Novice: 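This structure is in structure tokens; I'll ask about it shortly.
Labels below follow one simple rule: chain letters A, B, ... track the order of the sequence lines, proteins then strands, and each chain is numbered from 1. Treat the numbers as computed from the prediction; the structure is a model and nothing was measured.
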Amino acid sequence: MHIEVRNLNKNFGDFHAVRDVSFEIEKGHLIGLLGPSGGGKTSILRMLAGLETPSSGDILFHGKRVNDLPPQERGIGFVFQNYALFKHMTVYDNIAFGLKVKKQSKEQIRERVMYLVELTGLKGFEHRYAHQLSGGQRQRVAFARALAPEPQLLLLDEPFAAIDAKIRTELRTWLKEMIERVGITSIFVTHDQEEAIEVADEIMIISKGRLEQKGSPWDIYKNPQTPFVAGFIGESTIVDNIGEFKGFEDAASSPGTKALIRPEYIEIGKPGEIKLASATLPGIVKHLHFRGSEWMVELLVGDTKLITYRSLEKEVLHPGDKVSVLVHRAYLFNDNDSWIAENTLKVDPMPIHI
Amino acid sequence: MMRRLWITLTYIVFALLLIAPLVKIFTGSWADGLNGFVEAITRPQSLHALMMTAIIVVVVTALNTIFGVMLALYLVRAEWISPRMKRLLNSLVDLPFAVSPVIGGLMIVLILGPNTVIGAMFEDAGFKIVYALPGMILATLFVTFPLMVREVMPVLQEIGAQQEEAASTLGAYSWYTFWKVTWPSIRWGVIYGVVLTVARSLGEFGAVLVVSGNIMNKTQTATTLVYQDVENFNVVAANGIALVLAAFSVGLLLLMEWAKKRKEVH
């Protein structure tokens, strides 16, 4: 289903939960609504479902305005954060609910339910009640129940929040596969960027009720359009005095400019290890943390603290070691503008030709 | 030593307060043998009073169940009632708990009595409210109203709206959702509320006495008959009716225990 949202607003009393949000979603895409808790993601999802009425703005499905349609007539499936399974019904009856409402014949219902039971790997659990299932199984029942009436849009509210970390990754992959197989347009809400990046075709970053940026995960990582997005996606450190960094002197020309530097933008080495010596800064190793597959290094450059990672294959550093620090690029922003700046000294000013 | 003393004391108080009156009612009603008991409850005024009580119990329980569940649903779920309005309604529900039943009955007489504008209007239309069955039902309804609402509201709050929302996204409208999703969850709370309402309306005295005028064979209920028998020193008859009421109460108590247990399970 093709979805369009125009200038959507939602107020709860004095609280402006959703501010002027507009976007379009193409048929068959899997979209992640990502942002901090309380940012308005769930409100957007609930308005799409018809469970909440927008204060203003339009919601269009297939180009038709659906604002006044009740949830019963929107052709959507909704997976709730805590699954909201009908607790006095068995797995079979839960999945069959939407079909019974449609007054389908017993055989039709049986066929569809058994197909979904098979698809979601719940075979053998049809006669269990919700409280007899594990978190992962409950989620799959909720998923099957939402899909049973063949909706054209699937909405999932924090689908993995109530599942323990270990199974979560497994379920993520499963859900992505399942949605691809069914080919249904889907939107899910999450506050976990790793989850959004891994599962979604496209991410919409929502903060304080505003849509900050919409794009593919790679796009958003590479090209953040607002300081919020830059800070929210990936790891980063904010540097106030970026003008004093080698290669970023230009930044000082516009006052109030700050920089956001990701660990992967920084290269460190023992003096002499980095070839572009003229672009490096002297730094001191403050702390080292072993992170399983690499070292996380806390550096001190002047008074500024930076964080980077170092391969285990390289020579082991120790706190207090003097290192050269090369900042490849930085995300610069001030009150009016934001842009990505490459280190201007990386192009060696005095190339040596042999 | 001290602890044992307290335990014994508790038992004595319990026995004096609960067991002794029951035993007294039982032996009192059999003071003139089986015949005395049978005669006491087969007097025309006894049969009439028991019938009146039965009618009141059935009508009040039915009305209270329907409107109590409805009000509980509105107070918990309705979005079109402002939170302030909800708080006001919520505290109004408890009014009958705070007001003495006699005062409740008096209010009905003062508003709907034959000497008031509304009461006279109804009387002209041939519909007597005060000193007749409708007034007695109204009075009992007033006294029992909080019972159902207070039983159902917490259950509705606890289960939350999500299951109902899930049903609506699956295409079910409110009536279907109520019976298939909400009802199975609140059912035991409602049954518990019904038992409480029956027990309360069976034993209601003050409000009914004021509203009914206690006219024998006309507006007399079982409890007001017991009162009159005692006034007339007809102790055996009073004990007989009281025993019938007590038997019902014990039955209800057992039902209540059972409902409570089921309520906890589901």
Novice: Could you tell me which portion of Tyr176(B) (side chain, backbone, both or neither) has an atom closer than 4.5 angstrom to a non-hydrogen atom of chain A?
Specialist: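 Contact with chain A involves the side chain of Tyr176(B) alone.
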Novice: Taking only heavy atoms into account, what residues of residues 91-108 of chain B are found under 4.5 Å from chain A?
Specialist: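 Residues of residues 91-108 of chain B touching chain A at under 4.5 Å: none.
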Novice: Residues of residues 157-169 of chain B under 4.5 Å from chain A (heavy atom pairs)?
Specialist: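 The list, in residue order, reads Ile159(B), Gln162(B), Gln163(B), Glu165(B), Ala166(B), Ala167(B), Ser168(B), Thr169(B).
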Novice: Does Phe12(A) have more than 12 heavy atoms from other residues, nucleotides or ligands lying within 6.0 Å of its CZ?
Specialist: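 For Phe12(A), atom CZ is crowded (more than 12 foreign heavy atoms under 6.0 Å).
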Novice: Under a 4.5 Å heavy-atom cut-off, does chain B meet the side chain of Arg74(A), its backbone, both or neither?
Specialist: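 Neither part, no heavy atoms under 4.5 Å.
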Novice: Is there any residue in residues 59-70 of chain B with a non-hydrogen atom under 4.5 Å from a non-hydrogen atom of chain A, and which ones are they?
Specialist: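 The stretch does not come within 4.5 Å of chain A.
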Novice: Considering only heavy atoms, which portion of Leu155(A) lies under 4.5 Å from any heavy atom of chain B: side chain, backbone, both, or neither?
Specialist: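 Neither part.
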Novice: Could you tell me which of Ala148(A), Pro151(A), Ala142(A), Pro71(A) has the largest number of non-hydrogen atom pairs under 4.5 Å with chain B?
Specialist: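 Greatest number of close heavy-atom pairs with chain B: Pro71(A).
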Novice: Any chance CZ of Phe248(B) has more than 12 other-residue heavy atoms, nucleotides or ligands included, within less than 6.0 Å?
Specialist: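 It does not: Phe248(B) CZ has 12 such atoms or fewer within range.
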Novice: Tell me the closest heavy-atom pair linking Ser185(B) and Lys87(A), and the distance in Å.
Specialist: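 That would be OG-CE, 4.0 Å.
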Novice: Would you say Tyr74(B) has more than 12 foreign heavy atoms packed within less than 6.0 Å of its OH?
Specialist: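 No - once you tally the heavy atoms of other residues, nucleotides and ligands closer than 6.0 Å, there are 12 at most.
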Novice: Just wondering, are more than 12 heavy atoms of other shown residues or ligands nearer than 6.0 Å to CE in Met85(B)?
Specialist: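 No - once you tally the heavy atoms of other residues, nucleotides and ligands closer than 6.0 Å, there are 12 at most.
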Novice: With chain B as the partner, which of Gln81(A), Arg145(A), His131(A) has the greatest number of non-hydrogen pairs under 4.5 Å?
Specialist: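 If we count pairs closer than 4.5 Å to chain B, Arg145(A) comes out on top.
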Novice: With a 6.0 Å cut-off (strictly less than), is the heavy-atom count around NZ of Lys208(A), excluding the residue itself, greater than 12?
Specialist: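 Open.
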Novice: Of the backbone (N, CA, C, O) and the side chain (C-beta and beyond), which part of Pro70(A) lies under 4.5 Å from a heavy atom of chain B, both, or neither?
Specialist: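 Only the side chain of Pro70(A) comes within 4.5 Å of chain B.
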Novice: Sub-4.5 Å heavy-atom contacts with chain B: which residues of residues 89-116 of chain A show up?
Specialist: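 Only Met89(A), Phe97(A), Gly98(A), Lys100(A), Val101(A) of residues 89-116 of chain A have a heavy atom under 4.5 Å from chain B.
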Novice: Which bit of Ala146(A) is near chain B, if near means a heavy-atom gap under 4.5 Å: side chain, backbone, both or neither?
Specialist: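 Only the backbone of Ala146(A) comes within 4.5 Å of chain B.
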